[in-house]
J.: 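Just dropping this structure here.
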Number of protein chains: 2
Amino acid sequence: MSRCDMVKKARRSQRRPDSLSRDRIIDAAIELLDESGEGGLTFRALSERLSTGPGAIYWHIANKSDLLVAACDAVMTRTVDARIADASPEATIRTLALGMFDAIDAHPWIGSTLIHAAGQQPAVRILERIGQQIRALGVPDDAQWTTVSALLNYILGVAGQNAANAQFARMHDLDRSNFLDALSTAWSELDPDQYPFARSIAGQMRVHDDRADFLAGIDLILGGIRGLRTDRIDQGA
Amino acid sequence: MSRCDMVKKARRSQRRPDSLSRDRIIDAAIELLDESGEGGLTFRALSERLSTGPGAIYWHIANKSDLLVAACDAVMTRTVDARIADASPEATIRTLALGMFDAIDAHPWIGSTLIHAAGQQPAVRILERIGQQIRALGVPDDAQWTTVSALLNYILGVAGQNAANAQFARMHDLDRSNFLDALSTAWSELDPDQYPFARSIAGQMRVHDDRADFLAGIDLILGGIRGLRTDRIDQGA
DNA sequence: ACCTGAACACCGTTCAAGT
DNA sequence: ACCTGAACACCGTTCAAGT
């Protein structure tokens, strides 16, 4: 019924010698995500990088969500499979958590993907590793799920925040220190009556160490786990 | 250059008597999000519900992100402003956290919005309320930021997971118990050598109480905070 | 000042057609 | 079996034009 659109000139004719494959697609997706953030991953951009048409990708990958989860899982596997020296369960959990933090820091898009893929492969990988250490710690069976999911939820929260911060900074062309300055300034301009606490810590924001704070949070939870056996009684005041 | 598209017949002519306003738009957005999830909020759907054109909304709202944050903040305000009976700081934090959980449960889209709006109004509201209680608890100044952000990150992690689960369930037309069954089954079919822990807790998944688990995680962190003064030394084994 | 709605520049996804 | 790329059904956003 309509024949209005002009035919665009064919963009490309050369095919890359190596043929398309699920793995090559996932690698290219990771590159794209690392270079230009979550918004940078597009079937068109991806197919251009792979010298094909958008439709070709669908032969190997179900849809965008599948692609994102697969990319996230590929990074996750590298992170979680890193050999960890024998150490106490608590030390191993710390190492595991720091590995996660570094992966998230290097690939901020992992944060939102990890959260959107709740319960799927990438998250189960960490859950499993943490769970094994929680068992080794001697946490009773009926407290294991609670304990592990507290750690996991905390890690995912940090991951999500990190992804959001990175995206915000990218969108406004800010580096990390400019971003923290902007946030700190915004907080210190809040109404003193309504936001006394936020104002009081606005200064700390500018100088804080994300990685150290992250680990401190893990230690807080580990401390709570340690306390499970000893002070179940005096939860009163 | 092209005049190919047929003019679609005008959809609407009646204007609603009450005029458009930022608040009316935000209320309609919340309705839409509650009814049909994150994917349901569209400028076209929204303008249809408000009996206007998509462009009209932009007179009152900067863009979609602004709209989402405003909608999230509106719900957040109701949640956080609920009067809380005088109680110990720990009890108040628990009540606050449970209020958050219930809000997230009633409006799952809050989860992803809250995370994407890291550092902005909606998150600062909770941060402030938690922070005041942390102060009241007597946590030393230099540990306040760490402590509050641990609690906040944990809450946001749960919020994000909840949003993801709700979206997954909606997409596959599952109710909560069907969703848990599917997850539990998937986990119990994992490779026993690689995923002993995930398999072992698959059963618990089916019957667990989200709300109780959430609170247990809060208590774990509160326990860690309580321990801050007492056992800074023996972190060894 | 506020609203209208066609138009623009994108998306993810499909599918007839090719090899 | 695998790839091509035009086409479809959407998006968020803009903007000349109206009141």
J.: Could you check how far CG of Leu67(A) sits from C1' of dC11(C), rounded to whole Å?
T.: 15 Å
J.: At under 4.0 Å between heavy atoms, which parts of nucleotides 12-19 of chain D does protein reach? Answer with one letter per nucleotide, 5' to 3': B base, S sugar-phosphate only, - none.
T.: BBBB----
J.: Kindly state each residue pair satisfying ring-ring contact (aromatic ring centres under 6.0 Å, His included) with at least one member in residues 63-84 of chain B, sequence neighbours excluded.
T.: none
J.: Would you sketch DNA chain D in dot-bracket for me? Only Watson-Crick or G-U wobble pairs with both distances under 3.5 Å count, crossing pairs as [ ], other-strand pairs as |, the rest as dots.
T.: ||.|||||...|||||.||
J.: Can you tell me if Trp59(B) touches the phosphate of dC2(C), counting only side-chain N or O atoms and a distance under 4.0 Å to OP1 or OP2?
T.: yes
J.: Just to verify, what does Trp187(A) make a ring pair (Phe, Tyr, Trp, His ring centres under 6.0 Å) with, not counting sequence neighbours?
T.: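 Once residues adjacent in sequence are excluded, Trp187(A) has no partner under the ring pair (Phe, Tyr, Trp, His ring centres under 6.0 Å) criterion.
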J.: Please, which pairs that meet salt bridge (Lys or Arg N to Asp or Glu O under 4.0 Å) have at least one residue in residues 100-118 of chain A, sequence neighbours excluded?
T.: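 Found Asp102(A)-Arg211(A).
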J.: Filter on salt bridge (Lys or Arg N to Asp or Glu O under 4.0 Å), then keep only pairs touching residues 160-188 of chain B, sequence neighbours left out; what's left?
T.: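 Listed by first then second residue: Arg176(B)-Asp210(B), Asp181(B)-Arg206(B).
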J.: Checking Phe168(A) now: which residues fulfil ring pair (Phe, Tyr, Trp, His ring centres under 6.0 Å) with it, not counting sequence neighbours?
T.: His172(A), Phe179(A)
J.: Report the distance from atom CD of Glu48(A) to atom C1' of dC10(C), rounded to the nearest whole Å.
T.: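 In whole Å, dC10(C) C1' lies 14 Å from Glu48(A) CD.
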J.: With sequence neighbours left out, which residue pairs that include part of residues 50-71 of chain B fulfil the ring-ring contact (aromatic ring centres under 6.0 Å, His included) condition?
T.: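 Listed once each, the pairs are Phe43(B)-Tyr58(B).
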J.: Going by the rule ring pair (Phe, Tyr, Trp, His ring centres under 6.0 Å), which residues pair with Phe214(B) if we only count those two or more places apart in sequence or in a different chain?
T.: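 Phe101(B), Tyr154(B).
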J.: Kindly state which residues belonging to residues 111-119 of chain A come within less than 4.0 angstrom of DNA chain D, counting heavy atoms of the residue only, listed by number.
T.: none
J.: Tell me, do Leu151(B) and Gln133(B) make a side-chain contact under 4.5 Å, heavy atoms counted?
T.: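 Of all side-chain heavy-atom pairs linking Gln133(B) with Leu151(B), none is under 4.5 Å.
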J.: Who pairs with Asp213(A) by salt bridge (charged side-chain N to carboxylate O under 4.0 Å, His left out), at least two apart in sequence or on another chain?
T.: none
J.: Tell me, please, which residues at least two apart from Pro192(B) pass side chain to side chain contact (heavy atoms under 4.5 Å, CB included).
T.: Arg199(B)
